[in-house]
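What follows is one structure encoded as structure tokens, with my remarks underneath.
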Number of protein chains: 2
Amino acid sequence: MSCSQEYTPQLRARGYRMTPQRHAILHVLCHSGKHLSPSEVYVRAQKQVAGLTEATVYRTLEFLAENGLARPSHVGNGRLVYEIANHEHHHIKCRNCGDEMEVEHNLLKSMYQKLESASGYQLTDSHVTFFGLCPDCQKGE
Amino acid sequence: MSCSQEYTPQLRARGYRMTPQRHAILHVLCHSGKHLSPSEVYVRAQKQVAGLTEATVYRTLEFLAENGLARPSHVGNGRLVYEIANHEHHHIKCRNCGDEMEVEHNLLKSMYQKLESASGYQLTDSHVTFFGLCPDCQKGE
DNA sequence: TTCCTTATTGCAAAAAGTTGCAATAACATA
DNA sequence: TATGTTATTGCAACTTTTTGCAATAAGGAA
Ligand SMILES: [Mn+2]
Ligand SMILES: [Mn+2]
Ligand SMILES: [Zn+2]
Ligand SMILES: [Zn+2]
């Protein structure tokens, strides 16, 4: 409740509105430390907002991502998951066992700068998932 | 035809089979320099293999990706696209106008090594899309 | 408080992607 | 070349995600 309240002025400032649906979805994201699929968000948010629709959840998650309040992530199965945007990080995931670890953005910072100067682009997103083999699964290879 | 023929032994060696469907889909990927969506692949491959199913296209693209013959890519709309795996590269895409450019893997190589030593993971995939603002769209900001 | 504008939602239909299963056909073996 | 094994396909049902549109309600202004 409080967690999502702080986002209201951010939305207002951009001409958007705070709604019970957005409150509930932000609340769910805030209080889950991990990536959630749209249907996971739906199930949890539904308990706070009767009549909530899955279509609204999909649209809201996309909306929050566009406005920098949530981060989308491709975790490898082709489906999007989301999390609250509170700290910059990336992920490394094992192709074999699915094990996953976080990587500080700091580690990629110099590469981001190199990319920017080489391309002229100004990079905005920083939530990438890299794939590989974890230490354990390398042994089995 | 010839392009896809060369993949036959690779598949055989792993206990898989070359089929008209896989031929056609590999042919389509080989002769299109760009990322294709499953349905784009379907439309083109269908002309060579009557009766080809969309389900088969989805399964085949995933199969080719798992075996390193094709590269899947998340281009930002949440949908997967594919291309033939012939050279290592990445992409930078503009969040505003959609403009996209290729980036040599070389530019990220040292970062990949840093990631590997920091995490203990052995990175396998190298086909990442970074997002930002292109030079033109930065001016409009 | 009341009114007005329009951003947002729910609904329902459509599109995209996945899956179980029986029939088919690739290809190794003899 | 004929045979047997089983990887692969098509089909159809199902799940997930997207979209158009009319009804609703957030919140600025009076
Ligand atoms: Mn994350
Ligand atoms: Mn590519
Ligand atoms: Zn592993
Ligand atoms: Zn641009």
Side-chain angles (χ1 to χ4, degrees), chain A residues 4-5 7-28 35-67 69-70 72-82, chain B residues 4-5 7-28 35-67 69-70 72-82:
Chain A
S4 50
Q5 203 56 258
Y7 294 115
T8 305
Q10 294 188 50
L11 294 183
R12 294 264 178 84
R14 301 187 185 202
Y16 300 121
R17 298 171 182 177
M18 181 52 83
T19 66
Q21 292 84 352
R22 287 178 180 170
H23 256 131
I25 289 168
L26 279 165
H27 182 73
V28 166
H35 295 171
L36 293 178
S37 70
S39 75
E40 285 172 325
V41 171
Y42 171 67
V43 168
R44 302 185 191 195
Q46 204 184 19
K47 292 168 185 166
Q48 296 173 61
V49 180
L52 178 65
T53 311
E54 286 190 294
T56 296
V57 172
Y58 280 102
R59 276 189 290 223
T60 300
L61 289 172
E62 192 181 349
F63 166 83
L64 294 176
E66 275 171 359
N67 287 279
L69 305 189
S73 177
H74 291 286
V75 282
N77 54 14
R79 301 244 164 102
L80 275 180
V81 292
Y82 292 86
Chain B
S4 50
Q5 203 57 259
Y7 294 116
T8 305
Q10 293 189 50
L11 295 183
R12 295 262 177 85
R14 300 185 185 205
Y16 300 122
R17 299 171 184 176
M18 181 53 83
T19 66
Q21 292 85 352
R22 286 178 181 170
H23 256 133
I25 289 169
L26 279 165
H27 182 72
V28 165
H35 296 170
L36 293 178
S37 70
S39 75
E40 286 171 325
V41 172
Y42 170 65
V43 168
R44 303 186 189 194
Q46 205 183 19
K47 293 170 185 166
Q48 296 174 63
V49 180
L52 179 66
T53 310
E54 286 191 294
T56 295
V57 172
Y58 281 106
R59 276 189 291 224
T60 300
L61 289 171
E62 193 182 349
F63 166 83
L64 294 175
E66 275 172 358
N67 287 279
L69 305 190
S73 177
H74 291 286
V75 281
N77 56 13
R79 303 243 164 102
L80 276 180
V81 291
Y82 292 85

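Below, chain A is the first sequence line, B the second, and so on; all start at residue 1.
- Between B:Pro72 and B:Leu80 the shortest heavy-atom distance is CB-CD2, 4.2 Å.
- Nearest nucleotide to the side chain of A:Tyr58, out of D:dA26, D:dT18, C:dA16: D:dT18.
- Between A:Met18 atom CE and A:His23 atom NE2 the span is 4.5 Å, to the nearest 0.5 Å.
- Counting all heavy atoms, side chain and backbone alike, A:Val49 lies closest to A:Ala24 at CG2-CB, 3.6 Å.
- For the pair A:Arg22 and A:Phe63, the cation sits on the ring face: its NZ or CZ lies under 6.0 Å from the ring centre, inside 45° of the axis.
- The distance from atom CG of A:Asn77 to atom C1' of D:dT16 is 12 Å, rounded to the nearest whole Å.
- Within 6.0 Å of the CD atom in A:Glu62, the count of heavy atoms belonging to other residues, nucleotides or ligands does not exceed 12.
- Residue B:Glu62 contributes atom CD, which lies 18 Å from atom P of C:dA16 at whole-angstrom precision.
- With rounding to whole Å, B:Leu64 atom CG is found 17 Å from D:dA7 atom P.
- For the pair B:Gly78 and B:Pro20, nearest-nucleotide mapping onto DNA chain C gives the more 5' position to B:Gly78.
- Using a 4.5 Å cut-off on side-chain heavy atoms (C-beta onward), A:Ser39 and A:Glu54 make contact.
- In this structure, B:Glu40 atom CD and C:dA16 atom P are separated by 11 Å, rounded to whole Å.
- Between the CG atom of B:Leu80 and the C1' atom of D:dT17 there is a distance of 14 Å, given to the nearest Å.
- A 4.5 Å side-chain heavy-atom check between A:Leu69 and A:Tyr7 finds at least one atom pair inside the cut-off.
- Rounded to whole Å, the distance from OH on B:Tyr42 to C1' on C:dA15 is 14 Å.
- Here C:dA25 presents its C1' atom at 13 Å from CZ of B:Arg12, a figure rounded to the nearest Å.
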Quick tally for nucleotides 2-11 of chain C: nucleotides whose base has a protein heavy atom under 4.0 Å get B, sugar-phosphate-only ones S, the rest -, giving ---BBBSSBB

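- OP1 or OP2 of D:dT17 has at least one side-chain nitrogen or oxygen of A:Arg79 nearer than 4.0 Å.
- In this structure, A:Tyr82 atom OH and D:dT16 atom C1' are separated by 13 Å, rounded to whole Å.
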